Amino acid sequence: MKTKFNNSIIKVEDLVKKFGNFTANDHLTFEVKEGEIFGFLGANGAGKTTAIKILCGLSVPTSGKVEVAGYDVYRQTNQIKRNIGYMSQKFSLYENLTIKENIRFFAGIYGMSRKDIRIRLEELLDRLKIENLKNELIASLPLGWKQKLAFSVAIFHKPKIVFLDEPTGGVDPITRRQFWDMIYEAANNGITVFVTTHYMDEAEYCNRVSIMVDGRIEALDRPQELKKTYHVDSMNEVFLKLARVKN
Amino acid sequence: MRNVLFLIQKEFIQIVRDKTMLPIILIIPFVQLIILVYAATFDMKNIDMVVIDMDMSSMSRKLISKFEGSPFFRVNKSTFNLKEANDEMTKDRADLILQIPADFEKDLLTGGKAPVQLLVNAINSTAAGLTNAYSNYVIADFNKNIIAENVNYIAPAHVQMIDVSYRFWYNQSLDYKIYMLSGILVILVTIIGAFLTAINIVREKEMGTIEQINVTPIIKYQFIMGKLIPFWVIALLELAFGLTLGKIMFNVPMLGSLWLLFGFAAVYLLVALGFGLLVSTLASNQQQVMFIIFFFLLTFILMSGIFTPVESMPEWAKHVNIVNPFAYFMRVIRMILLKGSGFSDIAKEFYSLLIYGIILLSLAVWRYRKKV
């Protein structure tokens with residue numbers, strides 16, 4: 001396992017983000033290896049979304065060093081954006097466009113040619129078996145399908161890293177399972193996955209996880225190591241132990 | 001640059017698909033042109049008047065019938081009582097009282113002064129001014145006839161007065177509708193353009209889709225261009241539509257080059273839409289956009305010279321109009337349509353708006369934040 005992930009694709013050193021007096025990210029330091037599925041866990045309001053926005057170049061850090069895909073987050077946000085995909089907490093495909101139109105639009109903004117878009121779109125529709133739905137408006141689809149499509153859009157331009165901010169919020173367990181199958185597939189294709197969640201069962205699916213409490217990273221390791229360290233059987237208990245110590 | 005095309009394509013699909021958008025684009029000009037052009041008119045017809053004829057002579061009756069014979073006045077009541085006449089005015093049943101004193105005919109024929117009194121309801125000062133002007137016109141005409149009838153055969157040489165004849169240029173029949181129509185076209189394209197662009201970006205903020213765009217490598221000016229061009233095209237189509245309606249319904253004259261008009265409109269719209277874009281980058285929801293745009297539109301429209309000539313505004317107001325895009329287009333559309341002005345006549349306005357537009361669009365690009 002350890003030999004598989006060697007190169008760091010995300011490097012964060014002493015990252016601080018303050019909003020007025022409130023410190024959302026308190027001296028975060030971590031690295032994400034190329035090709036791994038990195039779980040970024042924490043309770044609501046722990047500072048996960050703030051950190052993910054900084055990594056995506058949507059927000060500027062107060063201080064600290066952050067490199068994503070080899071580019072500096074202060075000066076090279078556009079290069080970063082070319083190399084990442086992002087799926088926000090808030091569902092963000094256009095409801096009044098069809099599946100096909102949404103994909104064509106976002107792929108087009110990333111600079112893909114119409115020909116490439118057409119070819120890859122056929123592949124995608126085929127893989128998801130939704131050829132017959134391609135001209136349906138997003139508004140008419142169930143939430144689970146919307147999430148899967150949002151994820152497909154986020155990785156459509158073949159980024160090096162994809163950031164998923166609570167991608168499975170509000171969907172049923174079966175759909176969540178299917179969603180994780182898609183994440184594995186993306187990881188197998190060489191995409192590094194950075195995923196935030198507060199479902200602790202999902203943490204078990206990650207190669208490594210970090211647990212944030214009140215803006216700080218309290219633990220960072222492989223799930224089985226964490227369980228061993230804290231002498232418990234599930235990630236849920238690991239999390240509760242960490243949160244309880246804190247409060 | 002290819003990604004701008006994708007953005008434009010997406011905007012057009014959304015506009016066409018939006019069930020409320022097309023009716024707005026097609027119905028608003030119709031309603032505005034029909035209602036506003038007919039309603040917001042300063043043409044005065046059938047001014048209600050009360051007559052107090054204390055003379056009861058053939059001369060006084062002649063003067064009254066002069067008033068009645070003109071298309072502007074309608075004699076509603078005759079009385080000998082000033083109080084009664086005043087009551088009519090208080091009750092808003094008359095806007096003009098004509099009082100002819102006794103001995104009117106005698107004074108007139110003996111060559112003395114024969115004064116008459118006009119009392120005008122001046123609650124609306126513009127209407128009062130017009131009423132007064134029309135009345136004086138009728139009385140002057142009456143005077144001329146008196147001179148012709150009573151003086152002419154005695155000493156023909158004396159009637160060689162200066163003959164002032166009026167010719168109204170560019171709008172010979174003094175048709176106020178034509179003047180209004182061109183002004184309303186300006187408001188029409190501006191409202192459609194500025195509102196649609198401003199609301200568009202803010203709606204993306206509200207829906208959260210803007211974040212998905214901000215995480216792409218699209219460059220800020222490309223994004224602004226992608227938002228500008230679709231509504232720029234729509235606003236120009238709107239102008240064409242409005243002009244066509246104006247031609248069919250009011251036969252509005254088009255003396256100047258339509259190419260020039262559309263060329264000027266194209267530049268003007270950079271300002272109008274640049275303003276909308278700037279507002280939308282500053283506001284965070286549709287409510288704020290509505291308030292800001294409404295405030296500026298109302299102020300700018302009233303100061304633009306659509307109803308009242310800019311020339312008669314105080315100096316400071318004229319200075320404010322330097323930043324009022326309406327004022328430029330209001331003047332130019334009338335110059336081109338009604339006077340047939342050419343490019344050299346409007347060059348100053350053209351270049352001013354071009355610079356103005358570039359400034360606003362640059363500000364919008366600068367203010368559009370991909371980061372928080």
Side-chain angles (χ1 to χ4, degrees), chain A residues 17 19 49-50 52-61 71 73-74 76-98 100-114 116-117 137-139 150 153-154 156-157 159 161-163 165, chain B residues 1-25 196 199-230 281 284-286 365-372:
Chain A
K17 176 73 181 182
F19 297 101
T49 300
T50 307
I52 215 168
K53 283 194 173 162
I54 290 171
L55 295 178
C56 291
L58 288 175
S59 178
V60 190
Y71 298 105
V73 89
Y74 293 94
Q76 297 168 302
T77 40
N78 246 29
Q79 284 94 320
I80 290 176
K81 285 172 183 175
R82 241 181 280 279
N83 287 294
I84 62 168
Y86 170 67
M87 179 183 167
S88 80
Q89 210 168 5
K90 206 168 163 187
F91 177 73
S92 51
L93 294 182
Y94 292 94
E95 296 270 340
N96 58 354
L97 294 184
T98 65
K100 194 175 142 190
E101 287 160 350
N102 264 294
I103 291 173
R104 185 180 58 198
F105 169 65
F106 283 109
I109 286 205
Y110 275 104
M112 286 174 65
S113 72
R114 286 193 187 261
D116 285 350
I117 295 173
L137 295 184
I138 293 290
V153 167
F156 195 79
H157 58 289
I161 314 166
V162 65
F163 292 91
D165 193 4
Chain B
M1 243 18 198
R2 211 177 42 220
N3 46 13
V4 176
L5 293 178
F6 282 98
L7 197 52
I8 294 171
Q9 180 185 31
K10 174 218 132 200
E11 293 302 333
F12 273 117
I13 293 174
Q14 285 185 308
I15 292 164
V16 172
R17 194 160 290 156
D18 189 333
K19 286 190 181 62
T20 54
M21 198 76 114
L22 272 184
I24 286 175
I25 292 172
L196 290 187
I199 284 179
N200 182 282
I201 295 187
V202 164
R203 196 185 288 156
E204 293 227 19
K205 285 186 190 172
E206 286 180 348
M207 307 277 278
T209 45
I210 193 113
E211 202 171 69
Q212 203 63 49
I213 289 180
N214 287 346
V215 85
T216 70
I218 193 164
I219 300 164
K220 293 207 287 181
Y221 80 85
Q222 295 177 335
F223 175 78
I224 294 291
M225 270 176 69
K227 290 292 184 185
L228 172 77
I229 294 170
T281 56
S284 49
N285 57 49
Q286 298 191 36
V365 170
W366 172 72
R367 266 304 314 180
Y368 164 51
R369 292 288 144 90
K370 287 184 78 177
K371 287 181 206 166
V372 226

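A quick note: this is a predicted structure, and the numbers were derived from the prediction, not measured. Below, chains carry the letters A, B, ... as their sequence lines are ordered, and counting in each starts from 1.
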Below 4.5 Å, heavy-atom pairs only: which of Tyr86(A), Tyr110(A), Tyr94(A) has the largest tally toward chain B?
Tyr94(A)
When only pairs under 4.5 Å are counted, which of Gly85(A), Ser113(A), Ala154(A) shares the most heavy-atom pairs with chain B?
Ser113(A)
Does either side chain, that of Glu206(B) or that of Asn285(B), offer a donor lying less than 3.5 Å from an acceptor on the other one?
no
Can you tell whether the side chains of Lys205(B) and Glu211(B) come within less than 4.0 Å, N to carboxylate O?
no
Toward chain B, the part of Phe106(A) with a non-hydrogen atom under 4.5 Å:
side chain
Does any heavy atom of chain B fall under 4.5 Å from the side chain of Ile54(A), the backbone, both, or neither of them?
neither
Glu101(A)/Arg17(B) under salt bridge (charged side-chain N to carboxylate O under 4.0 Å, His left out): CA gap, chis, key distance, verdict:
CA-CA 12 Å; Glu101(A) 287 160 350; Arg17(B) 194 160 290 156; 2.7 Å; yes
Segment of Thr50(A) engaging chain B (4.5 angstrom heavy-atom cut-off)
neither
Salt-bridge test for Lys10(B) and Glu204(B): reply yes if a basic N is under 4.0 Å from a carboxylate O, no otherwise.
yes
Ignoring hydrogens and geometry beyond distance, is a side-chain donor-acceptor pair present between Asp165(A) and Ser88(A) at under 3.5 Å?
no
Under 4.5 Å to a heavy atom of chain B? For Leu93(A) that would be backbone
Against chain A, label Gln222(B) side chain, backbone, both or neither, depending on which of its atoms sit under 4.5 Å from a heavy atom there.
neither
Using the ring pair (Phe, Tyr, Trp, His ring centres under 6.0 Å) criterion, which residues pair with Tyr368(B)? Sequence neighbours excluded.
Phe223(B)
